[in-house]
Amino acid sequence: MSTYKSDFLNVLASRGFIHQVSEPEALDALARSSSITAYIGFDCTAPSLHVGSLLPIMMLHWLQQTGHRPIALMGGGTTRVGDPSGKDESRKLLTDAAIGENLKGIRSVFTKFLKFAESGGNAVMANNADWLNTLNYIDFLRDIGRYFSINRMLAFDSVKLRLDRQQELSFLEFNYMILQAYDFVELFRRQGCVLQMGGSDQWGNIVNGIDLGRRLHNAQLFALTSPLITTSSGAKMGKTAAGAVWLNAELVSPYDYWQYWRNAEDADVVRFLKLFTVLPLDEIERLGALKGEEINEAKKVLATEATALVHGRAAAEQAADTARTTFEEGGLSANLPTIEIGKADLKAGLGVLTAFVKAGLAASNGEVRRAIANNAIMINDARVSSDKAVIGEADVTADGVIKLSLGRKRHVLLKPV
RNA sequence: GGGGGAGUGUCCCGAGUGGCAAAGGGGGCGGACUGUAAAUCCGCUGGCUUACGCCUUCGUAGGUUCGAGUCCUACCUCCCCCA
């Protein structure tokens with residue numbers, strides 16, 4: 001089905017990563033005849049990346065797998081300013097120390113998907129703070145600003161929409177695309193980077209970089225964007241009641257991560273298998289042919305494969321195993337998320353309300369009360385009907401734990417220590 | 001610089017005559033049905049409390065009032081029209 005000749009574009013196209021490409025023939029030819037360098041920019045406003053960033057990460061992964069060189073660009077410089085596009089309130093400015101911390105957490109995610117020099121690969125992690133922090137305003141205007149035509153910038157969707165709706169567009173925000181364009185050229189100079197990838201909303205910004213590259217260095221640069229991924233019901237990826245689905249194990253356990261993918265909707269399974277696992281396409285096709293109840297098998301594969309990428313094969317198998325014991329055999333797996341509790345506290349008796357809040361299954365006592373009223377609370381698989389129920393030593397099972405459940409899907413073990 | 005309008009439950013949108021813990025959606029969570037899915041139906045969706053009840057919420061800060069999201073004043077932010 002694909003019309004590309006290079007492995008790189010073929011893989012991306014057949015797995016559903018491509019939304020738009022600038023000059024596809026030229027890029028295809030280049031990717032076929034040589035090893036190219038490409039980058040994607042990432043914000044570092046949080047200590048980890050979440051599922052929403054997985055798509056671009058996978059693009060870098062495939063880039064490297066097909067013989068090219070990926071650069072993960074951290075927005076250390078742009079984060080210092082704060083992306084103004086989040087309308088209502090300007091974001092709190094992060095301290096440099098906090099940004100540094102975030103960078104470390106994010107870096108550990110990338111090492112799972114890309115091979116950096118220390119593991120014998122050619123992937124590069126860059127930080128735009130390295131060049132943005134030292135920019136001199138007047139020099140920058142003279143060297144870079146002269147190449148930007150306001151007329152053209154005004155025509156870009158991101159700007160045009162705002163102006164059409166008579167909404168405020170700050171000068172800072174207006175400059176954001178210039179900085180991003182500059183990043184691209186800077187990476188071209190430093191690393192010979194010729195391709196920038198990103199979400200479809202980045203198209204305008206990327207194209208600006210291409211333009212700047214041509215004007216400054218007569219370079220031919222390329223853009224490739226991915227479609228915006230939502231679930232079939234239209235929800236954004238990566239948000240659950242517990243918050244974002246982070247990729248770091250300290251923030252979201254491998255078990256919960258596995259569950260996130262296991263609960264995917266039927267209609268999303270094939271698409272997600274292509275995008276978020278590295279399974280061969282014919283295997284995915286086979287899984288996609290499953291109908292009705294059998295599609296659960298495909299979901300388990302999706303969950304295990306996706307989890308293995310982020311947390312490693314062992315953790316993924318363990319999560320799958322835990323899920324099987326818990327859901328299919330109705331049993332109790334010691335691998336469920338476990339909260340430790342003092343023996344003395346238990347002896348004195350622990351109220352259900354406190355216990356569930358402590359276990360992180362509910363945010364407040366009131367929430368537990370409502371859950372009880374909704375028939376959703378179970379201790380060792382027995383319904384609790386009173387918010388005055390007390391958990392004591394007698395509730396410890398033969399396995400030495402107490403199982404708390406909220407609904408059928410969320411379980412936590414209390415372990416006396 | 002002048003005139004007009006807006007900011008509501010810390011997820012979003014959005015009603016709101018001075019008596020409101022504040023209509024209604026969406027989203028989320030739970031229950032039923034299923035396949036740990038979707039669709040559908042039902043319940044919940046500020047905190048503390050066994051409970052009476054108490055506390056905290058409608059841009060910010062004051063004021064009027066027995067009582068203010070609702071009235072007054074100042075300030076902040078945004079939008080529209082005129083200059």
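Chain letters run A, B, ... following the sequence lines, proteins first and then strands; every chain starts at 1. A quick note: this is a predicted structure, and the numbers were derived from the prediction, not measured.
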Taking atom [atom1] in both [N] and [M], compute the distance separating them and give it to the nearest angstrom.
| N | M | atom1 | result |
| --- | --- | --- | --- |
| B/C71 | B/U17 | C1' | 13 Å |
| B/G18 | B/A68 | P | 14 Å |
| B/G46 | B/C11 | P | 10 Å |
| B/A39 | B/U77 | P | 44 Å |
| B/G16 | B/G7 | C1' | 15 Å |
| B/G25 | B/U45 | C1' | 14 Å |
| B/U8 | B/U60 | C1' | 15 Å |
| B/C76 | B/C29 | P | 42 Å |

State which residues pass salt bridge (Lys or Arg N to Asp or Glu O under 4.0 Å) with [X]; sequence neighbours excluded, sorted by chain then number.
| X | value |
| --- | --- |
| A/Glu297 | A/Lys300 |
| A/Glu283 | A/Arg286 |
| A/Glu293 | none |

[N] [atom2] sits how many Å from [X] [atom1], rounded?
| X | N | atom1 | atom2 | answer |
| --- | --- | --- | --- | --- |
| A/Glu294 | B/U36 | CD | C1' | 17 Å |
| A/Asn263 | B/C29 | CG | C1' | 13 Å |
| A/Phe356 | B/G30 | CZ | P | 13 Å |
| A/Asn375 | B/C33 | CG | P | 12 Å |
| A/Arg262 | B/U34 | CZ | C1' | 12 Å |
| A/Asp266 | B/U34 | CG | P | 16 Å |
| A/Phe327 | B/U36 | CZ | P | 9 Å |
| A/Leu290 | B/A37 | CG | P | 18 Å |

Worksheet entry | Main-chain N/O of A/Gln259 paired to A/Asn263 side chain as donor or acceptor, under 3.5 Å | yes
Practice prompt. Could you pull out all residues at least two apart from A/Phe110 that satisfy ring-ring contact (aromatic ring centres under 6.0 Å, His included)?
Written response: A/Phe42
Fill in: A/Phe184: ring-ring contact (aromatic ring centres under 6.0 Å, His included) partners, not counting sequence neighbours
A/Tyr39
Worksheet item: Which residues, if any, of residues 296-313 of chain A bring a heavy atom under 4.0 Å of RNA chain B?
Response: A/Asn296, A/Lys299
Worksheet item: Which pairs, with at least one residue in residues 343-371 of chain A and sequence neighbours excluded, count as a side-chain hydrogen bond (donor to acceptor under 3.5 Å, both in side chains)?
Response: A/Arg369-A/Asp387
Discussion item. Listing request: all side-chain hydrogen bond (donor to acceptor under 3.5 Å, both in side chains) pairs with a residue in residues 61-75 of chain A, at least two apart in sequence or in separate chains.
Written reply: A/Thr37-A/Arg69, A/Gln64-A/Asn122, A/Arg69-A/Gln191
Item to complete: Have a look at A/Ala373 and say if it touches a base, only the backbone sugar-phosphate, or nothing, with a 4.0 Å heavy-atom cut-off.
Response: nothing
Discussion item. Does A/Leu406 reach a base, just sugar-phosphate, or nothing at all? Heavy atoms under 4.0 Å.
Written reply: sugar-phosphate
Could you please name the option among [options] that lies closest to any side-chain atom of [X]?
| X | options | answer |
| --- | --- | --- |
| A/Arg410 | B/U36, B/A37, B/C29 | B/C29 |
| A/Arg408 | B/G35, B/U34, B/C29 | B/U34 |
| A/Asn374 | B/G35, B/G30, B/U36 | B/G30 |

Identified pairing partner of [N], criterion: Watson-Crick or G-U wobble below 3.5 Å:
| N | value |
| --- | --- |
| B/U70 | none |
| B/U65 | none |
| B/C78 | B/G5 |
| B/C41 | B/G31 |
| B/U36 | none |

Discussion item. At under 4.0 Å between heavy atoms, how does the protein contact nucleotides 46-56 of chain B? Give one character per nucleotide, 5' to 3', with B, S or -.
Written reply: -SSBS------
Fill in: Parallel, tilted or perpendicular: rings of A/Phe276 and A/Trp261 (30°, 60°)
tilted
Practice prompt. Specify the residue among A/Gly292 and A/Met378 whose closest nucleotide of RNA chain B lies further upstream toward the 5′ end.
Written response: A/Met378
Fill in: Anti or syn - B/C20, cut at 90° from 0
syn
Practice prompt. Ignoring backbone atoms, test whether A/Lys291 places a side-chain nitrogen or oxygen under 4.0 Å from the OP1 or OP2 oxygen of B/A37.
Written response: no
Item to complete: In sequence, state the C-alpha distance, the side-chain angles, and the governing distance for A/Gln180 and A/Gln196, and then conclude on side chain to side chain donor-acceptor pair (under 3.5 Å).
Response: CA-CA 10 Å; A/Gln180 192 171 338; A/Gln196 181 181 177; 3.1 Å; yes
Item to complete: Could you point out which residue of A/Arg313, A/Lys299, A/Arg262 forms a salt bridge (Lys or Arg N to Asp or Glu O under 4.0 Å) with A/Glu305?
Response: A/Arg313
Worksheet entry | The single option from A/Asp7, A/Val21, A/Ile18, A/Leu63 passing side chain to side chain contact (heavy atoms under 4.5 Å, CB included) against A/Leu12 | A/Ile18
